[in-house]
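One structure is given below, encoded as structure tokens.
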Amino acid sequence: MREKLLIGRLIDTGSPVHALDPRAKLTAMLLYAAMVVGARSWPALVVLTAFSFIVMASTRIPLRTYLKAAKPLRVLMLFILIVQCLAVKGGRVLVAAGSWHVDSAGLEAGAYAVARMVLLVSFTALLTFTTSPGQLNQGVEGMLRPFTRIGISPERLALMTGIALRFIPAILDEAQTIMKAQASRGADLKELPWKEKARMLTALLVPVTVGAFRRAEDLTASMESRGYRLGAPRTQYRPLIWSYRDTGFVAVFVLICLIVVWIGWI
Amino acid sequence: MGIRFEHVSYTYDARSPMRQTALQDVNIRLAEGALTGIAGSSGSGKSTLLQLLNGILLPTEGTVKVLDLRLSAGEKPPKLAPLRRRVGLVFQFPEQQLFARTLEEDLSFGPLNFGASPEEAAHSARKALAAMGLGESLLRRHPLQLSGGQRRKAAIASVLAMGPDILVLDEPGATLDQVSRSELIQLLHRLCREEGKTVIIVTHRIDELLPYADRWVIMHEGRAAFQGTVRELVDTAGKLPDYGLAVPEPIRWWRELEAAYGLQAEEPCLSPAALAERIAQLVQTDARKEQAYA
């Protein structure tokens with residue numbers, strides 16, 4: 001199960017992207033999301049795709065790993081494609097059955113929406129693939145620092161994000177343990193009919209939820225017993241240092257963002 | 001038939017950049033009807049080895065032969081249900097593996113899946129529960145209402161209830177108190193001797209299993225560093241620290257005794273009682289000899 005869900009896992013290849021400041025990567029991801037929204041034409045999407053491939057290749061993580069990160073959403077993507085195909089009309093009629101017909105404009109809109117989704121999900125996986133949860137925490141905290149004035153606690157939000165990210169694999173492991181125990185006692189999900197599959201998965205909910213709460217309680221107790229207090233003055237073991245490389249990385253994203261938005265407008 | 005691992009390797013996440021090799025070129029033979037102990041330091045591949053025994057994991061290289069079934073890397077596995085009916089696997093942290101609404105439902109889950117009638121399943125559940133020393137009053141409870149130790153015993157009972165030919169247990173005694181651990185080992189020993197079941201136990205407490213195990217396998221860095229009888233383990237115990245394990249005290253004491261009295265040809269006495277009895281015999285013999293000379 002963990003093999004299939006890659007988001008939230010660090011893949012350390014020691015690339016230059018891994019060494020960047022997490023704040024730079026977070027800023028770049030926000031810009032990337034803006035680019036995906038702003039890419040309003042196929043040429044803009046082509047430029048964005050080419051840029052994405054270059055950045056992904058520079059992390060030295062195989063491209064197929066990025067694509068795998070988008071795989072869990074394939075059903076949603078198929079749904080979007082079908083809805084677009086049926087809802088958007090115009091251009092040539094490709095398939096017709098009675099009053100229903102799929103037009104070229106619908107297929108194009110569907111393909112376009114799916115391509116944008118694949119790009120967004122697979123590219124943003126770069127953040128967790130190249131940043132350890134601890135660094136990501138520090139990055140989120142640093143990015144939210146200006147919001148302290150309006151009563152938002154960056155430390156609290158960073159802690160929540162960090163723990164949530166760390167818990168994803170732990171909870172998946174717990175679910176997998178139970179599924180293995182079920183399989184071992186004669187109910188292998190792979191071999192069961194769909195109705196039984198659904199029943200077995202429902203049976204997982206209670207123990208996995210209880211397990212997650214138990215872990216959360218243990219973690220809280222463990223942190224408190226080691227003197228952790230929210231809002232208490234703390235020094236950082238490895239303080240973040242912003243370098244010219246980080247500025248360059250963000251600058252490239254700003255530049256490509258402008259190009260993509262410009263191509264979209266013309 | 002027994003169990004055979006032939007050039008078996010296993011890699012987690014084999015097709016991803018996070019791949020981790022847990023077993024490398026493992027060749028092991030485990031005898032049928034025997035009690036085998038498996039030991040090794042953390043991360044040596046013990047748990048992975050066990051999960052290959054009932055097809056929960058399939059080898060990424062080599063072949064695992066269990067009874068009359070064969071699981072080979074790259075080949076489509078046979079239907080696994082018959083294998084799982086005959087090989088009962090108790091995972092590490094078994095207390096996390098209970099999922100049904102009541103303990104009775106959880107204990108009957110395996111037998112029902114393998115074709116037992118509801119009455120037979122209920123009977124097996126009660127028998128297994130009694131074997132683990134738990135009262136029938138617990139049957140109606142939700143598994144999460146049991147204490148940690150009770151849950152662990154219940155999880156072991158859920159596998160015993162299936163009546164498998166081969167019982168595989170991954171550190172079943174961890175978190176149990178010493179009395180419960182000792183009772184559990186004796187129960188497994190009895191199942192092996194009286195009912196002819198094959199029992200395979202992964203343990204960090206080698207000393208507690210030494211008096212009962214027929215054979216040992218020592219895992220080190222994903223390989224089977226040692227496999228043999230208890231006598232062979234005693235003879236090569238000096239190498240255990242190389243595999244990240246301390247020499248168990250009963251073996252240390254026996255080696256001192258055999259060196260002092262020249263007992264190398266004897267079966268080692270590895271339980272405190274057997275060792276004490278043997279020492280008493282030796283002391284008496286010495287005393288008799290002294291009297292004779294006097």
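Chain letters run A, B, ... following the sequence lines, proteins first, then strands; residues in each count from 1.
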Short side-chain donor-acceptor distance under 3.5 Å, B/D25 and B/S9: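 No pair is found: no donor N or O on one side chain lies under 3.5 Å from an acceptor on the other.
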Steps toward side chain to side chain donor-acceptor pair (under 3.5 Å) verdict (B/R151, B/S147): CA-CA 6 Å; B/R151 255 185 276 167; B/S147 73; over 6 Å; no
Options [options], ranked by heavy-atom pairs under 4.5 Å with chain B, top entry:
options	result
A/G211, A/A203, A/A187	A/A187
A/S184, A/G186, A/A181	A/S184
A/D188, A/L205, A/V206	A/D188

B/E75 atom CD, neighbour heavy-atom count above 12 within 6.0 Å: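 Counting other residues, nucleotides and ligands, CD of B/E75 exceeds 12 neighbours.
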Mutual orientation of the aromatic rings belonging to A/F51 and A/F253 [parallel < 30°, tilted 30-60°, perpendicular > 60°]: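 The arrangement is perpendicular - the two ring planes meet at more than 60°.
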Parallel, tilted or perpendicular: rings of A/Y66 and A/F129 (30°, 60°):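 Aromatic pair A/F129/A/Y66 classed tilted.
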With a 4.5 angstrom heavy-atom cut-off, which part of [X] approaches chain A: side chain, backbone, both or neither?
X	value
B/F114	side chain
B/L89	both
B/L83	neither

B/L80: which of B/N54, B/L69, B/L71 passes side-chain contact (heavy atoms from CB on, under 4.5 Å):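 Option passing the side-chain contact (heavy atoms from CB on, under 4.5 Å) with B/L80: B/L71.
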Residue selection (most heavy-atom pairs with chain A, distance under 4.5 Å) from B/K79, B/H142, B/R85, B/Q51: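 Among B/K79, B/H142, B/R85, B/Q51, the one with the most close pairs to chain A is B/Q51.
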